[in-house]
Amino acid sequence: KKGNYDHFMQKEIHEQPQSLTTTMRGRLKGKSVILGGLKDDIKTIRHSRRIIFIGCGTSYNAALAARPFLEELSGIPVTMEIASDLLDRQGPVYREDTAVFVSQSGETADTLLALDYALENGALCVGITNTVSSTLARKTHCGVHINAGCEIGVASTKAYTSQIVVMIMLALDIGDDKVSTKQRRETIIDGLYNLPNIVREVLKLDTAMKDLAESLMDEKSLLVFGRGYNYATALEGALKVKEVALTHSEGLLAGEMKHGPLALVDETLPVIVIATRDGCFSKQQSVIQQLHARKGRLIVMCSQGDVSLACSTGFCRSIEVPQVEDCLQTVINIIPLQLLSYHLTVLRGYDVDQPRNLAKSVTTQ
Ligand code: UD1
Ligand code: F6R
């Protein structure tokens, strides 16, 4: 049921304070994280030689958002695989690997075929899914249900943020035996407790995002630049814009800007730059300066109060978001972009919940 909302996508975006609360329920105990579904295997995961994240679409992007924190806390190399590409290449997977399969539905054909492949190769296979009793949940050795509640809109929104939070909790659980990172872990756990409140706050940007959507309604294309944790936000924001608003959009790694994409920038093309506070902030400031020098039509996403600092060289529109711990910032930053793609779709008169040519669960290759 849609309740007071016009569309499921809208409802699911606004539901995120609650869905994130349910995702974390029973899993945060004081200053530690306990994932019941991994308790028999966590030692094996800690001793694996490599962790491989495998998924498609939004689920892949969620894993990409969690990757830097998992690398930091585990010290284990974490590699990324789009399920179909792993299968196309028949890439190497070993017994010493932990393969983590991320899938909202738990029924995506490519992800399930990649799971069969990893099982044949002897890896420990971990599932992260929203669907109890799905094929993924049944066939993996162990895993974590994200408990985000049923997601009906074809465009994934609340499952994305819940998946990120589960993978952040996975990193905290894996790193739980290390004294050297205790302080860092405790800070993030405090941040997790507070996250639903901050999500409630960032949802207040709804009207501002509707206004921004009005100004972008007739655009043919939109670029989104991010880096570090927020490379995933750039990819996921652009995916939402293309799949529901049917507008061409590319999520780009800001570090790659000068290696090609900069050629596209002129005074007509809108460009979103994600420049919230984290270890990449000063690099993003210089990206913004360079885009200004090319007369780019900038929309800068920055931390509250940072507009003049982020955009010191000239006029730009801004999206100011509350600042949270670096590894949790992706959960906050995607929300204005979800709202933007929702409003763009409604304004352009397209079907929000059933985008053209797409299915909720891709059960064929
Ligand atoms: C479980 C219960 C939950 C209960 C809690 C109390 C279920 C589905 N969950 O939650 O209702 O409140 O204990 O302690 O009954 N699994 C996989 N692959 C996956 C996902 C999960 O193998 O992709 C397995 C897990 O390893 C675990 C089981 O499914 O054995 C349940 O996982 P999860 O719901 O995440 O576990 P808990 O959070 O402990
Ligand atoms: C985008 C979207 C898709 C899915 C992808 C994987 O909004 O929903 O990109 O994320 O088809 O689906 P799951 O997570 O069910 O494996």
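From a predicted model like this one, the values you see are computed outputs, not experimental measurements. In listed order, ligands and their atoms are each counted from 1. Just so it is clear, the values below take in all heavy atoms, side chains as well, and ignore hydrogens, waters and symmetry mates.
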> Is I82 reachable from V78 through a run of hydrophobic residues whose side-chain heavy atoms are each under 4.5 Å from the next?
Replying inline: yes
> Do M80 and I76 share a hydrophobic cluster (ILVMFWY, side-chain heavy atoms under 4.5 Å, transitive)?
Replying inline: yes
>> In the complex you have, is atom 31 (C) of ligand 1 within reach of the protein, judged by whether a heavy-atom distance drops under 4.0 Å?
In response: yes
> Below 3.5 angstrom, do we get any N/O pair linking K360 and ligand 2?
Replying inline: no
> Which pairs with one or both residues in residues 186-200 pass salt bridge (Lys or Arg N to Asp or Glu O under 4.0 Å), sequence neighbours excluded?
Replying inline: K31-D190, K182-E186
> From atom 5 (C) of ligand 1, is the closest protein heavy-atom distance below 4.0 Å?
Replying inline: no
> Should you measure from each heavy atom of S156, which atoms of ligand 2 turn up under 4.0 Å away?
Replying inline: 7 (O), 8 (O)
> Which atoms from ligand 2 have a heavy atom of S103 less than 4.0 Å away?
Replying inline: 13 (P), 14 (O), 15 (O), 16 (O)
> Is atom 17 (C) of ligand 1 close to the protein, meaning a heavy atom under 4.0 Å from it?
Replying inline: yes
>> I'd like to know if atom 38 (O) of ligand 1 has any protein heavy atom within a distance of less than 4.0 Å.
In response: yes
>> Under 4.0 Å from atom 27 (C) of ligand 1, can you find at least one protein heavy atom?
In response: yes
> Should the proximity of E243 to ligand 2, defined as any heavy atom under 4.0 Å, be assigned to the side chain, the backbone, both, or neither?
Replying inline: side chain
> Taking a hydrophobic cluster as the set of Ile, Leu, Val, Met, Phe, Trp and Tyr residues connected by side-chain heavy atoms closer than 4.5 Å, whether directly or through intermediates, do M167 and I52 fall within one such cluster?
Replying inline: no
> Which heavy atom of the protein is the closest neighbour of atom 11 (O) of ligand 2, given with residue, atom name and distance?
Replying inline: V362 CG2, 4.0 Å
>> Assess the residue pair S162 and Q104 against the criterion (side chain to side chain contact (heavy atoms under 4.5 Å, CB included)); give the C-alpha distance rounded to whole Å, side-chain angles, the decisive distance to 0.1 Å, and a yes or no.
In response: CA-CA 10 Å; S162 282; Q104 188 281 132; over 6 Å; no
> Quick one: nearest non-hydrogen protein atom to atom 14 (O) of ligand 2, plus distance?
Replying inline: S59 OG, 2.5 Å
>> Starting from Y160, can I reach I54 by hopping between I/L/V/M/F/W/Y residues whose side chains sit under 4.5 Å apart?
In response: no
>> If the threshold is 4.0 Å, N to carboxylate O, is there a salt bridge linking D353 and K11?
In response: no
> On the ring face of F281, is R277 found with NZ or CZ under 6.0 Å from the centre and within 45° of the axis?
Replying inline: yes
>> Could you identify the single nearest non-hydrogen protein atom to atom 12 (O) of ligand 2 and state the distance to 0.1 Å?
In response: T108 OG1, 3.4 Å
> If you count the atoms of ligand 1 from 1 in the order shown, which ones are under 4.0 Å from a heavy atom of G37?
Replying inline: 25 (C), 26 (O), 27 (C), 36 (O), 39 (O)
> What is the closest protein heavy atom to atom 15 (O) of ligand 2, and at what distance does it sit?
Replying inline: S105 OG, 2.7 Å
> Do any N or O atoms from the side chain of S318 and from the backbone of E320 form a donor-acceptor pair under 3.5 angstrom?
Replying inline: no
>> Tell me the protein heavy atom at minimum distance from atom 10 (O) of ligand 2, and give that distance in Å.
In response: T58 N, 3.1 Å
>> When you compare ligand 1 with N147, is there at least one nitrogen or oxygen pair between them that comes in under 3.5 angstrom?
In response: no
>> Less than 4.0 Å is my threshold; does some heavy atom of R27 fall inside it relative to ligand 1?
In response: yes
> Applying the salt bridge (Lys or Arg N to Asp or Glu O under 4.0 Å) test to R185, which of D177, D173, D176 qualifies?
Replying inline: D176
> For atom 9 (N) of ligand 1, is some protein heavy-atom partner under 4.0 Å away?
Replying inline: no
>> Using a 3.5 Å cut-off on N or O atoms only, is G143 in polar contact with ligand 1?
In response: yes
>> When you compare ligand 2 with V154, is there at least one nitrogen or oxygen pair between them that comes in under 3.5 angstrom?
In response: yes
>> The test is salt bridge (Lys or Arg N to Asp or Glu O under 4.0 Å); show your working for K2 and D6 and say whether it passes.
In response: CA-CA 7 Å; K2 287 189 284 234; D6 296 330; over 6 Å; no
> Can you find a protein heavy atom under 4.0 Å from atom 34 (O) of ligand 1?
Replying inline: yes
> Are there protein heavy-atom neighbours of atom 23 (O) of ligand 1 below 4.0 Å?
Replying inline: yes
> So do the side chains of R138 and T135 get within less than 4.5 Å of each other, counting heavy atoms only?
Replying inline: yes
> G36 heavy atoms, cut-off 4.0 Å: which ligand 1 atoms fall inside?
Replying inline: 39 (O)
> Are any of the side-chain nitrogens in K210 or D206 under 4.0 Å away from the carboxylate oxygens of its partner?
Replying inline: no
>> Determine whether a donor-acceptor pair (N or O, by modelled atom type, separation under 3.5 Å) exists between the side chain of K139 and the backbone of L112.
In response: no
> Numbering the atoms of ligand 1 from 1, which are under 4.0 Å from a heavy atom of T129?
Replying inline: 23 (O)
> Taking the side chain from E250 and the backbone from F225, do they hold a donor-acceptor pair closer than 3.5 Å?
Replying inline: no
> Is there side-chain contact between L192 and M24, with at least one heavy-atom pair below 4.5 Å?
Replying inline: yes
>> Suppose I only count heavy atoms of A155 and a 4.0 Å limit; which atoms of ligand 2 are within that range?
In response: 7 (O)
>> Below the 3.5 angstrom mark, is there an N/O of L38, backbone or side chain, next to an N/O of ligand 1?
In response: no
> Hey, is ligand 2 close enough to K240 that some N/O pair sits below 3.5 Å?
Replying inline: yes
> What's the shortest distance from atom 29 (O) of ligand 1 to any protein heavy atom, and which residue and atom give it?
Replying inline: H145 CE1, 3.6 Å
> Among all protein non-hydrogen atoms, which one is nearest to atom 6 (C) of ligand 2, and what is the separation to 0.1 Å?
Replying inline: C56 O, 3.4 Å
> Could you give the distance from CE (M257) to CD (Q290), rounded to the nearest 0.5 Å?
Replying inline: 4.0 Å
